[in-house]
Amino acid sequence: MNEAGPARNRVRRQPPTPTPELSLPDVPVAKIPASIGIIMDGNGRWAKRLGWERIKGHTAGIDAVRETSRECAKLGVKELTLYAFSVENWKRPRPEVEYLMGLLRRFAVDEREEIEKNAIRFTTIGRVDELPRETLVELRETERLSADHDGMVLRLALNYGGRSEFADAAKRIAREVAAGTLRPDDIDESAVQQRLYDPAMRDVDLVIRTAGEMRISNFLLWQISYAEIFVTDALWPEFRKPHLHAAIRAFATRERRFGGLVSQ
Ligand code: IPE
Ligand code: IPE
Ligand code: MG
């Protein structure tokens, strides 16, 4: 996160007024998930299917990111978290990893206009400081430029792992206990939450995974405790508004109980 914070005397950018025809008339506003997390999967398969190199799928996935984040913002989703690179993804061939890092860098630069226009607050979670410097610099700059925006939070999970996030939080807690600034008896769920990558991140309501795989792959383990899960066979580069609408419609019909009983 950008410690410098927003410029104090700048006018806060307001999100544009939602266009009614683009809302989902059959889904009550209260049933729109406040926080969506997406495991963007299937880029490689999409490209292979067309007889192309895997990396073409990553490039094509950018259009899906753009359309999805634009639509989420219009529908009133408060936070969209996209899983873009896992701590395990370093296992991939070096040229693919390098390509992804270059793509991310370009994304951080190219999206600034759209982020500004829609008052989106761009942020990241994960061991982001370990990314290549050229990528990191542009990501941090986009975070800084959008830090005082009032619209939807667009959060990229980069060099992210749910287990690494726990381990990193445990390390912070241990350091504070060792320094005498935190008592073991005071460690509760809220104390752990405060030491996650983005303590202000709300619990995820809906997790969407593309490309048909029925697994979580180390995505947001803490924040998805009670998330509803929606898996679509669409590959990420194919994912468009109708797929997002289908996921939200399915979410709206789910009965969430959080361990309690059905409300009367
Ligand atoms: C998701 O697509 C993008 C990343 C994990 C970076 P994949 O690259 O995993 O595509 P498939 O699953 O191999 O088709
Ligand atoms: C999950 O996709 C990671 C991201 C979308 C960034 P993977 O393709 O890496 O997951 P697995 O290997 O199929 O579980
Ligand atoms: Mg995959």
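Sequential numbering from 1 along the given sequence is applied to the chain's residues. Each ligand, and each atom within it, is numbered from 1 in the order the structure gives.
Among protein heavy atoms, atom 4 (C) of ligand 2 sits closest to Tyr83 CD2, 3.7 Å. Of all protein heavy atoms, the one closest to atom 14 (O) of ligand 2 is Ser217 OG, 2.6 Å. Closest to atom 9 (O) of ligand 2, if we only count protein heavy atoms, is Asn89 ND2, 3.0 Å.
The side-chain contact (heavy atoms from CB on, under 4.5 Å) search around Asp110 returns Arg106, not counting sequence neighbours.
Taking the Mg ion (ligand 3) as reference, Asp41 places its N/O/S atom OD1 nearest.
The shortest N or O to N or O distance between Asn43 and ligand 1 is under 3.5 Å. The shortest N or O to N or O distance between Leu100 and ligand 1 is not below 3.5 Å. For ligand 2, one of its N or O atoms has an N or O atom of Arg215 under 3.5 Å away.
Between Lys78 and Ser35 the shortest side-chain heavy-atom distance does not fall below 4.5 Å. With a 4.5 Å cut-off on side-chain heavy atoms, Arg215 and Arg209 count as touching. At a threshold of 4.5 Å between non-hydrogen side-chain atoms, the residues Arg249 and Leu24 count as touching. Glu213 places none of its side-chain heavy atoms less than 4.5 Å from the side chain of Val231. Contact check for Phe85 versus Val97: side-chain heavy atoms found under the 4.5 Å cut-off.
Short contacts between ligand 1 and Arg54, defined as distances under 4.0 Å to a heavy atom of the residue, involve ligand atoms 7 (P), 8 (O), 10 (O), 13 (O). Using a 4.0 Å cut-off to heavy atoms of His58, the atoms of ligand 1 that qualify are 3 (C), 8 (O).
With a 4.0 Å heavy-atom cut-off, ligand 2 is reached by the backbone of Phe85 but not by any atom from C-beta on.
Here the shortest heavy-atom distance to atom 10 (O) of ligand 2, taken over Glu88, Arg209, Arg45, belongs to Arg209. Counting only non-hydrogen atoms, the option in Met40, Glu213, Arg92 that gets closest to atom 7 (P) of ligand 2 is Arg92.
More than 12 heavy atoms of other shown residues, nucleotides or ligands fall within 6.0 angstrom of atom CZ in Arg256. Within 6.0 Å of CD in Glu53 there are 12 or fewer heavy atoms belonging to other residues, nucleotides or ligands.
Within the 4.0 Å heavy-atom cutoff, Ala84 counts among the residues contacting ligand 1. Ligand 1 lies nowhere less than 4.0 angstrom from a heavy atom belonging to Lys48. Judged by the shortest distance from any of its heavy atoms, Ala211 lies outside the 4.0 Å radius around the atoms of ligand 1.
The aromatic rings of Phe122 and Phe107 sit tilted, their planes meeting at an angle between 30° and 60°.
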Arg140 vs Glu143, salt bridge (Lys or Arg N to Asp or Glu O under 4.0 Å): CA-CA, chis, key distance, verdict: CA-CA 5 Å; Arg140 291 295 187 227; Glu143 283 185 321; 2.8 Å; yes

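The protein does not reach atom 12 (O) of ligand 2 closely, with no heavy atom under 4.0 angstrom from it.
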